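Here is the structure we will look at.
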Amino acid sequence: ILVGLAVLFFGVALFIGYLMSKRAMVPIIQAFTRQREFVADASHELRTPLSVMLSSINAMEMTESIEADDFSRKLLSNMKDEVKRMTKLVSDLLTLARSDSGTIEILHETFDFRPHAEKVIQAVQPLAASKQINLHLHVPETLVIHGDSEKLTQLLYILLDNAIKYTPNGGEVHLSLSVEASEHRSMLCVVVQDTGIGIKPEDYDRIFDRFYRADKSRSRQMGGHGLGLAIAKWIVEAHQGTIHVSSELGKGSTFTIRIPFSVTQKRRCKVSDENL
Ligand code: ADP
């Protein structure tokens with residue numbers, strides 16, 4: 001009887017403890033939710049004044065008296081750069097706040113990824129040209145995949161923008177896209193390889209953290225604020241994929257993404273000219 005009572009007492013104590021801990025978690029969960037909503041609302045509200053500021057600066061730049069005054073023009077150009085930087089920061093914060101709250105829908109489209117990749121290459125070409133960096137795209141004639149076309153295109157943009165930003169003048173950047181298909185599964189492989197400054201092994205994981213920048217002053221100079229790779233990781237994981245970096249300091253970095261369409265299975269993704 002005594003043993004039975006002890007077991008019963010222990011069971012009741014465990015049950016009460018479970019209920020109490022669940023109740024104790026409620027305010028913590030609510031605080032997290034409120035914080036996420038605050039970041040999302042604040043980012044959303046900041047977008048409008050920023051776009052008003054940008055169009056006002058554009059209008060001022062077009063007035064004749066300002067065009068004639070070099071100093072004012074320089075000030076306006078600085079203001080414009082900072083407003084653009086802040087707009088990007090606010091938009092990235094909004095994306096991450098929405099991803100946290102699960103309010104962004106991932107579309108399941110079937111589409112050809114090649115034209116999207118070509119568009120991204122075109123968009124980053126001026127930045128690459130300004131540093132005499134050669135951009136190479138390796139992609140088959142058609143590359144039909146499943147996923148969210150807009151988000152996967154954003155992923156390419158983030159990785160290529162970084163590859164160019166962190167590669168010194170005259171370097172090389174390769175974007176390779178391929179699909180490995182077999183009877184049981186299909187896997188999209190994206191490889192972005194650069195001949196840039198490289199990343200220290202101890203930073204491999206941390207660069208995917210929000211606001212983490214391996215070299216703060218250099219990254220700021222480049223216009224970065226440390227949210228790009230956090231968004232890239234979220235996009236990949238929302239597609240049940242993996243993102244992996246390998247690098248050699250002073251030689252370059254390679255980001256490899258694998259996104260399964262049907263069954264997840266790891267395989268090597270290579271940078272090759274086969275698909276040129
Ligand atoms: P940022 O806006 O600073 O570029 P990211 O989240 O995109 O933010 O990247 C985080 C950090 O990872 C960067 O500040 C940089 O230190 C490092 N990094 C990202 N991509 C590369 C790359 N291709 N080569 C070297 N370092 C990189």
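Both counts, for ligands and for their atoms, begin at 1 and track the order of listing. The residues of the chain are indexed from 1 along the displayed sequence. Predicted model, so just to flag it, every value in this text is computed and none were measured.
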- Query: So which of Ile199, Asp161, Leu229 gets nearest to atom 6 (O) of ligand 1, if we judge by its closest heavy atom?
  - Reply: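 Checking each option, the heavy atom nearest atom 6 (O) of ligand 1 is found in Leu229.
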
Protein heavy-atom partner closest to [atom] - residue, atom, separation in Å:
| atom | result |
| --- | --- |
| atom 7 (O) of ligand 1 | Asn162 ND2, 2.8 Å |
| atom 8 (O) of ligand 1 | Gly226 CA, 3.1 Å |
| atom 23 (N) of ligand 1 | Asp194 OD2, 2.9 Å |
| atom 21 (C) of ligand 1 | Tyr166 CD1, 3.5 Å |
| atom 17 (C) of ligand 1 | Ile207 CG2, 3.9 Å |

- Message: With a sphere of 6.0 Å drawn around CD of Glu109, does it hold more than 12 non-hydrogen atoms of other residues, nucleotides or ligands?
- Response: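 Counting other residues, nucleotides and ligands, CD of Glu109 exceeds 12 neighbours.
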
- Query: Does a sphere of radius 6.0 Å around NE2 in His44 hold more than 12 heavy atoms from other residues, nucleotides or ligands, not counting ones at 6.0 Å or beyond?
  - Reply: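 Result for NE2/His44: open.
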
- Query: Just heavy atoms, cut-off under 4.0 Å: does Phe208 contact ligand 1 by side chain, backbone, both, or neither?
  - Reply: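 Neither; no heavy atom under 4.0 Å.
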
- Task: Return the orientation label for the Phe111 and Phe113 ring planes: parallel under 30°, perpendicular over 60°, tilted otherwise.
- Result: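 Ring orientation, 0 to 90° scale: perpendicular.
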
- Can you say whether the rings of Phe208 and Phe255 are parallel (under 30°), tilted (30 to 60°) or perpendicular (over 60°)?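 Rings of Phe208 and Phe255: perpendicular, as their planes differ by over 60°.
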
- Message: Can a side-chain donor-acceptor contact be found between Tyr212 and Asp203 if the only test is distance below 3.5 angstrom?
- Response: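 Yes - a donor-acceptor pair under 3.5 Å links their side chains.
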
Could you tell me which atoms of ligand 1, counted from 1 in the order shown, lie closer than 4.0 angstrom to a heavy atom of [X]?
| X | result |
| --- | --- |
| Leu227 | 6 (O), 8 (O) |
| Gly198 | 25 (C) |
| Lys165 | 1 (P), 2 (O), 4 (O) |
| Ala214 | 14 (O), 16 (O) |
| Ser253 | 24 (N) |
| Tyr212 | 10 (C), 11 (C) |

- Task: Answer yes or no: does an N/O atom from Gly228 fall short of 3.5 Å to an N/O atom of ligand 1?
- Result: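 Between Gly228 and ligand 1, an N or O pair is found under 3.5 Å apart.
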
- Does an N or O from Arg213, backbone or side chain, lie closer than 3.5 Å to an N or O of ligand 1?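 There is no such contact.
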
- Task: Working to the nearest 0.5 Å, report the span between CZ of Arg34 and CD of Glu37.
- Result: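 If we round to the nearest 0.5 Å, Arg34:CZ and Glu37:CD are 9.0 Å apart.
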
